[in-house]
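Here's the structure, in structure tokens; my notes come after.
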Amino acid sequence: MVNISINTPLGPLFIEGSRDGISSISFVDTPISETIEVPPVLQQAVIQLNEYFNKQRREFSLQLAPKGTVFQQKVWKKLQDIPYGKTTSYQEMANQLGDPKVIRAAASANGKNPIAIVVPCHRVIGSDGSLTGYAGGLHRKKWLLEHESPIKQGKLF
């Protein structure tokens, strides 16, 4: 495993991975020491994340290797189907997974997503349109949703 941290408008972002792909992208409060040699898969993550923050990228094309259960992997894959600038609710996600009763399991898997931004768990909100939990903090979730919003009038939340 190798890692790197990059500065973003939301603070340091820690990226971890190997030749197999990106295993983690997470917000941290302070930069973490970096590996000296960064493999190409992490270099691409840095480039694409910087493009995202500069509004030059809406979709990512990175090799991902998150570790999780079969159900978590299924939820994380479904998260990647949420388009840039759009949101969905936990209930809608459970319905798309084929069982409206898995809402809590889907919400839990969403909360354990190890790859922030690229696997856009920030695009999942409450059924009533409210902001709900986000591992990186609700202030970051709000910023990300406003960053992606096609509506540039005032604030969303």
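Worth knowing before you read on, the calculation uses all heavy atoms, side chains too, and leaves out hydrogens, waters and symmetry mates. Worth saying up front: this structure is predicted, and the values here are computed from it rather than measured.
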Please list every donor-acceptor pair under 3.5 Å in which a side-chain atom of residues 8-16 meets a protein atom from a residue at least two apart or in another chain.
residue, atom, partner, partner atom, Å
Thr8, OG1, Leu10, N, 3.0
Thr8, OG1, Gly11, N, 3.3
Thr8, OG1, Gly11, O, 2.6

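Within the 4.5 Å cutoff, side-chain heavy atoms of Leu97 are placed close to those of Lys74. Considering only heavy atoms from C-beta on, Lys142 stays 4.5 Å or farther from Tyr134 through its side chain. Residues Trp76 and Cys121 are not in side-chain contact: their nearest non-hydrogen atoms beyond the backbone lie 4.5 Å or more apart. Between Tyr52 and Gln48 there is no side-chain heavy-atom pair separated by less than 4.5 Å. Put simply, the side chain of Gln80 reaches to within 4.5 Å of the side chain of Leu64, judged on heavy atoms. Side-chain contact check for Leu49 versus Ile117: some heavy-atom pair is nearer than 4.5 Å.
The minimum heavy-atom distance linking Gln91 with Pro100 is given by the pair NE2-O, 3.4 Å. Between Gly126 and Thr132 the shortest heavy-atom distance is N-CG2, 3.7 Å. Taking every heavy atom of both residues into account, Gly85 and Pro150 meet most closely at O-CD, 4.0 Å. Contact between Val75 and Asn110 at its shortest, heavy atoms only, is CG1-N, 4.1 Å. Counting all heavy atoms, side chain and backbone alike, Asp29 lies closest to Arg140 at OD1-NH2, 4.1 Å. Smallest separation of non-hydrogen atoms from Pro66 and Ile115: CB-CD1, 3.8 Å.
A donor-acceptor pair under 3.5 Å links the side-chain atoms of Lys141 to the main chain of Val124, judged by distance alone. Of the possible donor and acceptor atoms, one in the side chain of Arg123 sits under 3.5 Å from a partner among the backbone N and O of Ile82.
Taking a 6.0 Å sphere around CD of Gln56, one finds it holds more than 12 heavy atoms contributed by other residues, nucleotides or ligands.
In the hydrophobic cluster analysis, where Ile, Leu, Val, Met, Phe, Trp and Tyr join through side-chain heavy atoms closer than 4.5 angstrom, Phe53 is grouped apart from Ile47.
The distance from the CD atom of Gln96 to the OG1 atom of Thr88 is 5.0 Å, given to the nearest 0.5 Å. Distance check: Gln72 CD to Leu79 CG gives 11.5 Å after rounding to the nearest 0.5 Å. Separating the OG atom in Ser18 from the CG atom in Leu42 is a distance of 8.5 Å, to the nearest 0.5 Å. Atom CG of Asn3 and atom CD1 of Ile22 lie 11.0 Å apart (nearest 0.5 Å). Rounded to the nearest 0.5 angstrom, Leu144 CG and His139 NE2 are separated by 9.5 Å. Separating the CD1 atom in Ile103 from the CG atom in Asn95 is a distance of 8.0 Å, to the nearest 0.5 Å.
In this structure Glu51 satisfies the side chain to side chain donor-acceptor pair (under 3.5 Å) test together with Arg57, sequence neighbours excluded.
For an aromatic pair to be called close, the ring centres must be under 6.0 Å apart, and Trp143 with His147 satisfies this.
Residue pairs meeting the side-chain hydrogen bond (donor to acceptor under 3.5 Å, both in side chains) criterion with at least one member in residues 112-122, sequence neighbours excluded: Ser108-Lys112, His122-Glu148.
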